[in-house]
Amino acid sequence: MKLVLVTLCLLASAWALTTAQQHMLVVLRPTTSTQVEILRNATENDYDLDFWTHPNLEGNTLIRMPVTRFGQLRQEWAKVGLQATVRHENLEQRVKQMQEEDEHYRQINPWSATTYKTSLTHNVYRDYNSVINVVRSLENQYPSLLRFDDTASTPFRPKTLENRPIHYFEVGAISNAPVIFMEVNIHAREWVTAAANLYTIDWLLSNYGSNNDATWLLNNFRIVNIPIANPDGYDFSHLNQNNRYWRKNRRSCGAGSFGVDLNRNFDYQWGGTGSSSTCTSDSYRGASAASEPETQAIRTLFQYFESSAAMYLSVHAFSQVILLPWTYSTQSNAYNTWHQTAGNSMAAAMTSVEGRYHYAATAISAIGYTASGSTLDWALARRAGSNQNFLALAYELRPASSNNIADFNIPASNIVPAGKELLASLVVVARAYADRISG
Ligand SMILES: *[C@@H]1O[C@H](CO)[C@@H](O)[C@H](O)[C@H]1NC(C)=O
Ligand SMILES: [Zn+2]
């Protein structure tokens with residue numbers, strides 16, 4: 001099996017408060033188990049260090065850190081034979097620079113809806129209001145296919161700590177079809193996930209009736225979609241370049257500390273390994289299980305559709321993998337063979353979109369660590385007992401950890417390719433599910 005590096009997006013990572021200080025991206029290449037252990041210990045103990053990949057023997061470890069910490073850490077690591085190299089010495093400046101480059105890219109490549117067969121433009125990262133506005137515009141354009149939560153039949157009106165409504169919508173032509181439940185961008189900084197999701201939904205709507213995949217999918221499934229599962233964190237990460245790498249929600253813990261990792265806050269195996277009890281950690285699990293309004297919103301919504309649920313898809317970035325549950329434990333689950341089969345076909349479909357970006361399906365256990373309190377485990381635990389075909393899977397979209405642009409901040413020119421990869425996998429997993437239940 002090809003071993004892959006997975007970002008700590010679903011997994012443990014840590015960094016301290018957002019301050020205006022400068023951060024750098026450092027690359028290490030551990031080659032002994034002691035070196036790996038030293039780095040893994042740091043993922044749990046040193047909240048200044050934001051691990052973008054899990055330390056292992058298979059590849060590079062990427063760490064975002066305050067520049068003020070680098071000199072001393074480099075010396076400590078050098079003593080155990082670990083050479084640290086700086087990939088980007090000023091990440092905040094890089095964020096600004098990429099925004100300028102994206103602007104230039106849009107000027108010289110104006111969006112063509114005809115070429116892409118979409119209703120919206122997909123060359124820009126939108127803030128929360130803009131995402132919601134374009135979903136509403138899709139509802140106006142395709143009223144028989146898209147139901148925004150204002151018009152859907154559910155009594156679902158949750159709000160975040162900062163009073164933003166947590167919206168969802170439903171897409172599909174048949175009102176009682178099986179549900180593909182999609183939770184997107186629960187980690188604020190993973191912007192490409194929201195953008196790729198919008199492309200996917202737009203493309204399905206725009207090509208319904210003229211493309212076989214679009215027509216088949218929307219005639220056989222309902223997609224229940226939370227386009228931004230963490231609106232406060234998402235908007236915070238859009239405020240300025242210093243906030244670009246914010247991951248959690250905006251819960252105040254006092255003493256100037258903020259944020260619960262919503263993907264550690266769910267009420268199944270809450271509080272276990274791969275989550276932290278410390279608010280300054282980037283994998284802080286919260287004061288109690290399901291303590292956060294966003295968690296409660298996702299829970300209420302999923303439970304509302306649960307009896308029809310075919311699958312739960314949690315969309316993250318980056319690493320180019322499909323992750324299989326359990327995430328809390330290194331044990332495989334009773335449904336693991338089916339998850340692996342489905343994950344493999346999704347990864348293959350994603351790889352074949354451009355043919356040069358490799359995706360793989362893997363359990364977290366295969367890379368030796370855990371994340372408890374995740375949405376994935378919670379959904380599987382709730383639903384798998386009554387639907388043995390139920391799938392709970394997480395995406396880590398572009399880029400690959402081994403790529404030179406490995407970052408949560410990637411050029412907007414990646415939105416369409418990432419969207420095509422997400423779309424291809426969605427069609428494939430829906431067909432695999434339909435084939436399986438029809439025997
Ligand atoms: C890692 O942490 C554990 C537990 O605190 C400790 O026993 C071990 O010595 C540490 N390993 C290294 C290589 O520092
Ligand atoms: Zn994530």
Side-chain angles (χ1 to χ4, degrees), residues 109-124 126 131 134-148 168-182 184 192-227 308 310-311 313 315 322 342-357 359 391 393 395 397-398 412-438:
N109 299 289
W111 183 262
S112 163
T114 316
T115 304
Y116 290 104
K117 298 184 181 165
T118 61
S119 304
L120 307 170
T121 57
H122 296 281
N123 57 7
V124 63
R126 296 173 166 90
V131 168
V134 299
V135 173
R136 285 182 187 275
S137 77
L138 289 174
E139 183 193 32
N140 289 335
Q141 205 169 343
Y142 305 100
S144 62
L145 293 175
L146 192 150
R147 294 165 295 282
F148 192 73
Y168 79 99
F169 59 87
E170 216 185 308
V171 173
I174 312 293
S175 61
N176 61 352
V179 164
I180 295 174
F181 193 97
M182 297 178 75
V184 183
V192 75
T193 62
N197 178 57
L198 271 187
Y199 170 86
T200 298
I201 297 299
D202 180 4
W203 191 90
L204 288 170
L205 293 167
S206 304
N207 293 278
Y208 179 79
S210 61
N211 173 279
N212 284 342
D213 287 338
T215 310
W216 176 82
L217 193 63
L218 300 192
N219 281 344
N220 287 278
F221 288 90
R222 278 180 291 164
I223 299 171
V224 174
N225 195 290
I226 308 178
S308 305
M311 58 191 83
L313 304 176
V315 187
I322 304 293
N344 287 349
S345 52
M346 293 161 80
M350 297 173 92
T351 302
S352 68
V353 167
E354 292 203 353
R356 53 203 174 107
Y357 299 102
Y359 280 78
L391 290 167
L393 296 161
Y395 291 87
L397 298 180
R398 289 180 171 218
S413 55
N414 282 267
I415 293 172
V416 170
K420 286 183 175 175
E421 287 160 358
L422 180 61
L423 172 67
S425 71
L426 203 58
V427 171
V428 159
V429 73
R431 288 201 188 274
Y433 183 88
D435 287 350
R436 186 173 167 99
I437 59 168
S438 71

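Position 1 is the first residue of the sequence, and the numbers go up from there.
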For Thr118 and Leu205, run side-chain contact (heavy atoms from CB on, under 4.5 Å): C-alpha distance rounded to whole Å, both residues' side-chain angles, the deciding distance at 0.1 Å, then the answer.
CA-CA 8 Å; Thr118 61; Leu205 293 167; over 6 Å; no

Locate the shortest heavy-atom distance separating [X] from [Y]; write the atom from each residue and the value.
X	Y	value
Val429	Met311	CG1-SD, 3.7 Å
Ile201	Asn225	CD1-ND2, 3.8 Å
Val124	Ala412	N-CB, 4.4 Å
Ala418	Val192	CB-CG2, 4.0 Å
Val315	Met182	CG2-CE, 4.2 Å
Arg126	Val134	NE-CG1, 3.6 Å

Within 45° cone of Phe169 ring axis and under 6.0 Å: Arg147 NZ or CZ:
no

Donor-acceptor pair, [X] side chain versus [Y] backbone, under 3.5 Å?
X	Y	answer
Thr351	Tyr359	yes
Arg222	Val171	no
Thr215	Gly209	yes
Asp202	Leu120	yes
Thr121	Asn123	no
Ser352	Gly355	no
Trp216	Arg431	no
Asn211	Ala214	yes
Ser308	Val179	no

With rounding to the nearest 0.5 Å, note down the distance linking [atom1] in [X] to [atom2] in [Y].
X	Y	atom1	atom2	value
Thr193	Leu198	OG1	CG	10.0 Å
Arg136	Leu146	CZ	CG	11.0 Å
Asn207	Asn212	CG	CG	11.0 Å
Ile180	Glu170	CD1	CD	12.0 Å
Lys117	Ser206	NZ	OG	11.0 Å
Leu423	Asp213	CG	CG	7.5 Å

I want to check something: taking the side chain as every heavy atom from C-beta on, are Lys420 and Trp203 in contact at a cut-off of under 4.5 Å?
no

Who pairs with Phe181 by ring pair (Phe, Tyr, Trp, His ring centres under 6.0 Å), at least two apart in sequence or on another chain?
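With sequence neighbours excluded, Phe181 shows a ring pair (Phe, Tyr, Trp, His ring centres under 6.0 Å) to Phe302, Tyr312, given in chain and number order.
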
The test is side-chain contact (heavy atoms from CB on, under 4.5 Å); show your working for Leu426 and Leu313 and say whether it passes.
CA-CA 9 Å; Leu426 203 58; Leu313 304 176; 3.5 Å; yes

Would you say Asn109 has more than 12 foreign heavy atoms packed within less than 6.0 Å of its CG?
yes

Angle class for the His122/Tyr199 ring planes (parallel below 30°, perpendicular above 60°, tilted otherwise)?
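The rings of His122 and Tyr199 stand perpendicular, inter-plane angle above 60°.
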
Please walk me through it: do Val416 and Trp111 pass side-chain contact (heavy atoms from CB on, under 4.5 Å)?
CA-CA 11 Å; Val416 170; Trp111 183 262; 3.5 Å; yes

